[in-house]
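Structure, as structure tokens:
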Protein chains: 2
Amino acid sequence: MPYSIGQVAKRLDISTYTLRYYDKEGLLPFVDRNAAGRRVFKDADFNYLETISCLKEAGLPVKQIGTFIDLCLAGDRTLDERYDFLAEQEQALEEKMAALQHTMDFLRWKKWYYKRAIQAGTETVNYLPDTTQTDPALREKFNQLVADGADPQDLGHLDR
Amino acid sequence: MPYSIGQVAKRLDISTYTLRYYDKEGLLPFVDRNAAGRRVFKDADFNYLETISCLKEAGLPVKQIGTFIDLCLAGDRTLDERYDFLAEQEQALEEKMAALQHTMDFLRWKKWYYKRAIQAGTETVNYLPDTTQTDPALREKFNQLVADGADPQDLGHLDR
DNA sequence: ATTATAGTTGGACTTAACTTTAAGTCTAGA
DNA sequence: TCTAGACTTAAAGTTAAGTCCAACTATAAT
């Protein structure tokens with residue numbers, strides 16, 4: 001039932017330094033201390049710890065996570081605020097994931113681009129004549145292939 | 001056809017400081033200089049700049065982006081290496097997106113959790129009797145609802 | 001010719017999120 | 001009782017990615 005900082009660190013696969021840093025930054029006000037002043041984590045604390053690591057994964061700065069933890073400890077009168085906070089984070093995360101999907105699309109187009117270059121033995125097959133600029137029609141073609149149902153992951157696949 | 005650092009900064013919506021920093025870190029070795037020593041960007045450079053911003057979006061550190069740019073400037077003999085580099089980034093990005101989806105799932109479960117709490121007027125509806133620990137059966141129930149085809153985005157929706 | 005604006009450099013500063021150090025305390029086992 | 005290992009704190013150090021400053025140069029418009 002009670003866990004030391006070292007045990008928690010191992011279980012969450014983070015360092016004790018990090019846990020103490022979080023505590024200093026106000027993320028762990030719920031952690032008890034024993035007579036010797038050492039931190040004593042309880043099972044219920046893992047709910048908070050899971051939330052903290054989720055918000056961290058979502059890209060929130062430590063300070064904002066602290067704000068949320070404060071709301072949690074303030075009791076039922078902050079239920080609405082907590083809901084709104086999470087809804088905002090959901091929205092932000094949706095946007096971030098859409099951006100990453102866009103990045104992924106670019107990566108796949110570039111893989112296809114290099115697949116063509118490797119097969120031709122030279123990057124110039126992708127350039128406009130007498131330039132070092134990528135032929136815009138090529139990207140159009142890639143987009144068309146994807147729009148026509150090709151798997152963008154496969155399009156750039158290359159066996160050597 | 002030629003662009004100043006300020007024009008490029010505006011077009012990419014980043015600061016001139018950032019562009020100079022990238023240059024200092026070796027990300028822009030392809031940029032020309034005029035007689036006065038000022039950077040002169042050409043149209044072809046935007047291919048590189050787009051790639052840089054994509055890799056940045058993907059979360060790559062500036063140094064690794066520099067490595068890739070170096071490969072690009074080394075000519076056709078690095079085509080394979082460049083392909084592999086991009087394939088690795090694609091893989092890493094897939095993993096990151098999966099992790100973010102997991103984070104999103106958690107956020108939506110918590111929204112549902114708070115929706116219940118708000119409707120009951122107290123968070124205790126979510127706890128195991130006589131504890132402050134979340135009832136594990138509740139999360140099971142949420143997972144079940146999602147597995148049964150409910151939209152997790154809707155499940156936590158709350159009108160007030 | 002003067003002035004405003006945009007560019008140059010090297011180097012210092014900032015912020016976030018750790019990470020380490022120093023100096024000391026506590027606890028369990030030989 | 002002694003020692004190893006885990007803990008405590010405050011404070012300093014690190015790293016990444018900018019961000020800014022000082023001192024200077026170049027260009028364009030009045």
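So that the names make sense, note that chain A is the first sequence line, chain B the second, and so on, each numbered from 1. These numbers were taken from a predicted model, which means no experiment stands behind them.
The residues A:Glu94 and B:Arg108 are annotated as salt-bridged, a charged nitrogen and a carboxylate oxygen being separated by less than 4.0 angstrom. Ion pairing of B:Glu25 with B:Lys56 is absent here, as no side-chain N (NZ or NE/NH1/NH2) approaches a carboxylate O to less than 4.0 Å. The pair A:Asp45-A:Lys42 meets the salt-bridge criterion, since a charged nitrogen lies less than 4.0 angstrom from a carboxylate oxygen.
Rounded to whole Å, the distance from CG on A:Leu28 to C1' on D:dT8 is 15 Å. Here D:dT9 presents its P atom at 14 Å from CD of A:Glu25, a figure rounded to the nearest Å. B:Asn34 has its CG atom 7 Å from the P atom of D:dT27, to the nearest Å. Computed from coordinates, the B:Ile5 CD1 to D:dT27 P distance equals 16 Å when rounded to whole Å. Atom pair B:Gln7:CD and C:dA6:P shows a separation of 10 Å (rounding to whole Å applied). One interatomic measurement links the two molecules: CG of B:Leu19 to C1' of D:dC20, which rounds to 16 Å at whole-angstrom precision. Nucleotide C:dG7 holds its C1' atom 19 Å from the OH atom of B:Tyr3, rounded to whole Å. Remark: P of D:dT19 and CG of B:Asp23 are 17 Å apart, rounded to the nearest angstrom.
Heavy-atom neighbours of B:Asn34 CG from other residues, nucleotides or ligands within 6.0 Å: above the threshold of 12. Applying the 6.0 Å contact sphere to CZ of B:Arg77 captures no more than 12 heavy atoms from other residues, nucleotides or ligands.
For D:dT8, the OP1/OP2 oxygens have a side-chain nitrogen or oxygen of A:Arg39 closer than 4.0 Å. For the OP1/OP2 pair of C:dG7 and a distance below 4.0 Å, the side-chain nitrogens and oxygens of B:Ser4 include at least one atom meeting the criterion.
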Return a single string for nucleotides 15-25 of chain C, one symbol per nucleotide in 5' to 3' order, where B is base contact, S is sugar-phosphate-only contact and - is none, cutoff 4.0 angstrom on heavy atoms. --BBBBB---B
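For residues 143-160 of chain A, the salt bridge (Lys or Arg N to Asp or Glu O under 4.0 Å) pairs, not counting sequence neighbours, are A:Arg160-B:Asp80, A:Arg160-B:Asp84.
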